[in-house]
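These numbers come from a predicted model, not from an experiment. The sequence lines fix the lettering, A, B, ..., with proteins before strands; numbering per chain opens at 1.
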Protein chains: 2
Amino acid sequence: MPTVSSEELATAAGVNSAKLRKDFSYLGSYGTRGVGYDVEYLVYQISRELGLTQDWPVVIVGIGNLGAALANYGGFASRGFRVAALIDADPAMAGKPVAGLPVRHTDELEAIISDNGVSIGVIATPAGAAQQVCDRLVAAGVTSILNFAPTVLSVPEGVDVRKVDLSIELQILAFHEQRKAGEDSASAAATASAARSGAGGVRSSASRKGPDGDVPAVMPA
Amino acid sequence: MPTVSSEELATAAGVNSAKLRKDFSYLGSYGTRGVGYDVEYLVYQISRELGLTQDWPVVIVGIGNLGAALANYGGFASRGFRVAALIDADPAMAGKPVAGLPVRHTDELEAIISDNGVSIGVIATPAGAAQQVCDRLVAAGVTSILNFAPTVLSVPEGVDVRKVDLSIELQILAFHEQRKAGEDSASAAATASAARSGAGGVRSSASRKGPDGDVPAVMPA
DNA sequence: CCATCTTTGTGCACGCGTTCACAAAGGCAT
DNA sequence: ATGCCTTTGTGAACGCGTGCACAAAGATGG
Ligand SMILES: NC(=O)c1ccc[n+]([C@@H]2O[C@H](COP(=O)([O-])OP(=O)(O)OC[C@H]3O[C@@H](n4cnc5c(N)ncnc54)[C@H](O)[C@@H]3O)[C@@H](O)[C@H]2O)c1
Ligand SMILES: NC(=O)c1ccc[n+]([C@@H]2O[C@H](COP(=O)([O-])OP(=O)(O)OC[C@H]3O[C@@H](n4cnc5c(N)ncnc54)[C@H](O)[C@@H]3O)[C@@H](O)[C@H]2O)c1
């Protein structure tokens, strides 16, 4: 019976072994002392707990550069996610196949969500359209949203939103990069706090969004 | 003089106003009691502290679906990032223009990093190539890496790595989604811990990667 | 010049995740 | 069967970010 110890797993994942054991303990105790965890059973338990035993239909809204890349990505299927539909507002794209799926027009959004029982939506539209798209998704029954647009979405309670802001990822790297260069005390003190507040750029209510409605140009370049 | 209160900013950003004030206090105290913060000065201070006053040349390695999308993304420039070069191992792509830049071959990687003084690299290659690319980037002088490949990179001390794993983002949503459906105590107890351990999938040392060297197929679909 | 009102800056406490450290458990060899 | 060795499961301590609550500061109007 193939087994792994918490220590091996911890090293591979780059985390503390005690944390890992404690996390596993929440799923019940099925390790064997002196031996470790049965790999097969462990994988099954985690998969089930994480909801990977069922597969989730998702829709991607906004089939531009990013949306198309996501649609073409094969890695989601192996994690239990199935792209149910690609949706875009551009009439010129309607029907055009992307990654083997025909792009559907936004008009059909509600029907698509409903017909496929979709509860997870991905937003890859320009920031200006994100809130509006979000509202329609939620109204149609979506309760989990992965947002790539650089905007803070407001949603009713019960709806989960995760935001992926690639610019901020780079900013965080640049921030630390800057600290490596010049070491002054002020920067050092602010590190922990500032670095963690990664999500959601600070935007003054007095500032304006750019004309294109995309990235709010608050910070000077 | 246009000003904003911490309360206004906090509401807009969806955070606590005290936290916001405390964060600002690390940059020094330049708010005016009874009035708020001078917008212009605040923006300047934050920009400077975050390293947005200078611009950072970045290279993108792996110009496939995702790499090309990133290259085409205009949002980075306004945040102080300039795409210095696009690099790919595929000889067929060499010279081909993507987003106005000619794709350079991997052979030139070291020269490009060095010539442009690049300290930030983006990895968008298949997982199988990520560590190798990472090593070359680091050896050439890159000290910050944004990694999109689903792999834990090992780097020498002093090098920062941020990993963006979109599959895991979806998994986290699916996990909460599952909890909304069936409420059992075990799931509830594991929530906080499991949801936060988002980065880095658990991979047993006994498991194998897929033949394509991309997403490790540990979890059953 | 004083009273009042608004908003900052921050000490302090709370909550929570992380890590340590170790007793208990169980395999395994003798 | 017994003792040893390895590894789990977890109680307790630690560290840290977050939020509360309030005194001090400063603007503003009378
Ligand atoms: N491309 C990237 O690498 C990248 C990186 C970081 C963030 N982002 C963000 O992701 C989003 C998409 O980026 P992109 O580069 O793919 O942009 P894009 O302009 O290439 O694509 C946007 C797509 O959304 C569609 N669209 C516009 N309004 C819509 C609506 N109301 N309903 C449905 N579809 C609509 C457009 O027709 C277009 O196809 C943007 O918010 C961008 O800021 C992109
Ligand atoms: N496309 C997505 O939406 C998406 C989503 C999540 C994760 N990812 C991850 O991002 C990475 C890229 O995804 P993709 O869809 O763009 O893949 P892709 O196959 O379209 O592109 C990969 C590119 O990397 C190049 N490459 C391969 N080996 C290289 C090397 N050693 N040096 C330089 N370049 C090399 C290839 O020539 C190709 O152009 C993968 O690791 C994938 O798992 C992608």
>> Minimum heavy-atom separation for B:D165 and B:P150, please, with both atom names.
In response: OD2-CB, 3.9 Å
> What is the distance, rounded to the nearest whole Å, between atom OH of A:Y26 and atom P of D:dT8?
Replying inline: 17 Å
> Within the structure, does a side-chain N or O atom of B:S6 lie under 4.0 Å from either OP1 or OP2 of C:dT8?
Replying inline: yes
> With sugar-phosphate meaning primed atoms plus P, OP1 and OP2, does B:S17 contact a base, only sugar-phosphate, or nothing at under 4.0 Å between heavy atoms?
Replying inline: nothing
>> Can you give me the closest heavy-atom contact between B:Q178 and A:G51, atom names plus distance?
In response: OE1-CA, 3.2 Å
> Whole-Å distance between D:dA27 P and B:D38 CG?
Replying inline: 13 Å
> Rounded to whole angstroms, how far apart are CZ on B:F24 and P on C:dT7?
Replying inline: 15 Å
>> Can you measure B:L9 atom CG to C:dG9 atom P for me and round it to whole angstrom units?
In response: 12 Å
> Rounded to whole angstroms, how far apart are NZ on B:K19 and P on C:dG15?
Replying inline: 19 Å
> Does the D:dG19 base have a donor-acceptor partner in the side chain of B:K22 within less than 3.5 Å?
Replying inline: yes
> Quick one: which of D:dG26, D:dG9, C:dG9 gets closest to the side chain of B:T32?
Replying inline: D:dG26
> Separation of A:N16 atom CG from D:dG15 atom P, in whole Å?
Replying inline: 15 Å
>> Using heavy-atom distances to pick each residue's nearest nucleotide on DNA chain C, tell me which of A:V35 and A:V15 is more 5'.
In response: A:V15
> When you measure from the side chain of B:A18, which nucleotide among D:dA27, C:dT10, C:dT19 comes out closest?
Replying inline: C:dT10
>> So, OP1 or OP2 of D:dG9: does either fall under 4.0 Å of a side-chain N or O from A:S25?
In response: no
> Starting at CD of A:E7 and ending at P of C:dC20, how long is that distance when rounded to a whole Å?
Replying inline: 11 Å
> Just checking, is any N or O donor in the side chain of B:S6 or B:R21 under 3.5 Å from an acceptor N or O on the other one?
Replying inline: yes
> Which whole-number value in Å describes the distance from B:Y30 OH to C:dT7 C1'?
Replying inline: 16 Å
> Phosphate oxygens OP1/OP2 of D:dG9: is one of them under 4.0 Å from a side-chain N or O of A:Y37?
Replying inline: yes
> Can a donor-acceptor pair be found between the side chains of B:Q131 and B:T151 at a distance below 3.5 Å?
Replying inline: no
> In terms of side-chain heavy atoms, does A:Q45 have a donor or acceptor partner in A:Y41 at a distance below 3.5 Å?
Replying inline: yes
>> On the side chain of A:R33, is there an atom forming a donor-acceptor pair with the base of D:dT8 - under 3.5 Å, no angle test?
In response: yes
